[in-house]
Colleague: 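Right, I'll just put the structure down here and ask away after.
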Amino acid sequence: MTKNFWLMKSEPEDFSIQDLKEVEKEPWGGVRNYQARNFIRDQIAIGDSVLLYYSSTKIPGVAGVMTVVSEPFPDPSQFDESSSYFDSKATQENPRWYAVNVKFEKEFDRFVPLSLMKQENCLKEMIILKKGNRLSITPISKEEFYHVLKMGKK
DNA sequence: GCCAACGTTGGC
DNA sequence: GCCAACGTTGGC
């Protein structure tokens with residue numbers, strides 16, 4: 001299996017790269033979109049690298065890098081009636097939603113704002129840059145990953 | 001706060 | 001199975 005690269009969205013008020021740094025490892029759950037679910041369940045693998053992207057905030061953009069450190073597992077919040085992620089149609093035998101554990105890899109020296117990414121010709125194909133995109137997990141290419149990484153360096 | 005784009009729901 | 005209505009996302 002070759003390593004894959006991803007971009008995952010979060011609202012920094014919800015979960016930031018600093019939060020991840022503190023906890024070291026975090027279950028990435030609460031994904032309630034079938035396309036994103038399929039990425040987690042079928043394609044994401046241990047060792048994959050992930051850009052952490054801030055959405056729905058003053059300055060959207062990429063804040064750092066995370067690494068996938070677990071196989072996919074059923075997202076516990078789907079069974080939790082008190083959770084806003086509860087799904088009455090999900091059962092233990094037949095879970096609907098999945099999560100993976102991610103660990104802190106690095107925080108960028110410089111935050112990479114969406115506005116700058118839009119100016120980069122080689123990032124044009126990134127799903128996140130396309131109008132109307134709402135997927136919270138998107139595959140990106142190795143080249144895109146390393147280009148954003150470079151933009152985040154001093 | 002606005003609004004376009006998208007996913008989901010539900011009536012038929 | 002279609003599609004209008006609705007709710008949500010997310011950039012600006």
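Naming: A, B, ... by sequence-line order, numbering from 1 per chain.
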Colleague: Just the atom pairs and distances: protein N or O near nucleotides 7-9 of chain C's N or O, under 3.5 Å.
Modeller:
residue	atom	partner	partner atom	Å
dT8(C)	O2	R134(A)	NH1	3.2
dT8(C)	O2	R134(A)	NH2	3.1

Colleague: Run the salt-bridge test on R96(A) and D87(A) with the 4.0 Å N-O cut-off and return the result as yes or no.
Modeller: yes

Colleague: Tell me whether K118(A) is salt-bridged to E120(A), with the criterion being a basic N under 4.0 Å from an acidic carboxylate O.
Modeller: no

Colleague: Would you call the rings of W97(A) and Y34(A) parallel, tilted or perpendicular if under 30° counts as parallel and over 60° as perpendicular?
Modeller: tilted

Colleague: What is the separation between atom CG on L129(A) and atom P on dC12(C), rounded to the nearest whole Å?
Modeller: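 Distance check: L129(A) CG to dC12(C) P gives 10 Å.
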
Colleague: So if I apply the side-chain contact (heavy atoms from CB on, under 4.5 Å) rule between T67(A) and each of K25(A), K106(A), K103(A), which one comes out positive?
Modeller: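 Running side-chain contact (heavy atoms from CB on, under 4.5 Å) over K25(A), K106(A), K103(A) with T67(A) returns exactly one hit, K103(A).
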
Colleague: Just checking K58(A): base, sugar-phosphate only, or nothing, at a heavy-atom cut-off of under 4.0 Å?
Modeller: nothing

Colleague: Ignoring backbone atoms, establish whether K118(A) has a side-chain N or O less than 4.0 Å from OP1 or OP2 of dC12(C).
Modeller: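 Checking dC12(C) against K118(A), a side-chain N or O does come within under 4.0 Å of OP1 or OP2.
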
Colleague: Describe the nucleic acid contact of Y54(A) in one word from base, sugar-phosphate, nothing, applying a heavy-atom distance below 4.0 Å.
Modeller: nothing

Colleague: Can you tell me how far P of dC12(C) sits from CE of M117(A), to the nearest Å?
Modeller: 12 Å

Colleague: Between R32(A) and S84(A), is there a side-chain donor-acceptor contact under 3.5 Å, judged purely by atom types and distance?
Modeller: no

Colleague: Just say parallel, tilted or perpendicular for the rings of F5(A) and Y146(A), cut-offs at 30° and 60°.
Modeller: perpendicular

Colleague: F111(A) and D109(A): side chain to side chain contact (heavy atoms under 4.5 Å, CB included), yes or no, with the steps?
Modeller: CA-CA 7 Å; F111(A) 181 76; D109(A) 302 325; over 6 Å; no

Colleague: Looking only at side-chain N and O atoms, does N121(A) offer a donor or acceptor that is under 3.5 Å from a partner on K124(A)?
Modeller: yes

Colleague: Which ones in residues 119-127 of chain A lie close to DNA chain C, meaning a heavy atom under 4.0 Å from one of its atoms?
Modeller: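 DNA chain C contact set from residues 119-127 of chain A: none.
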
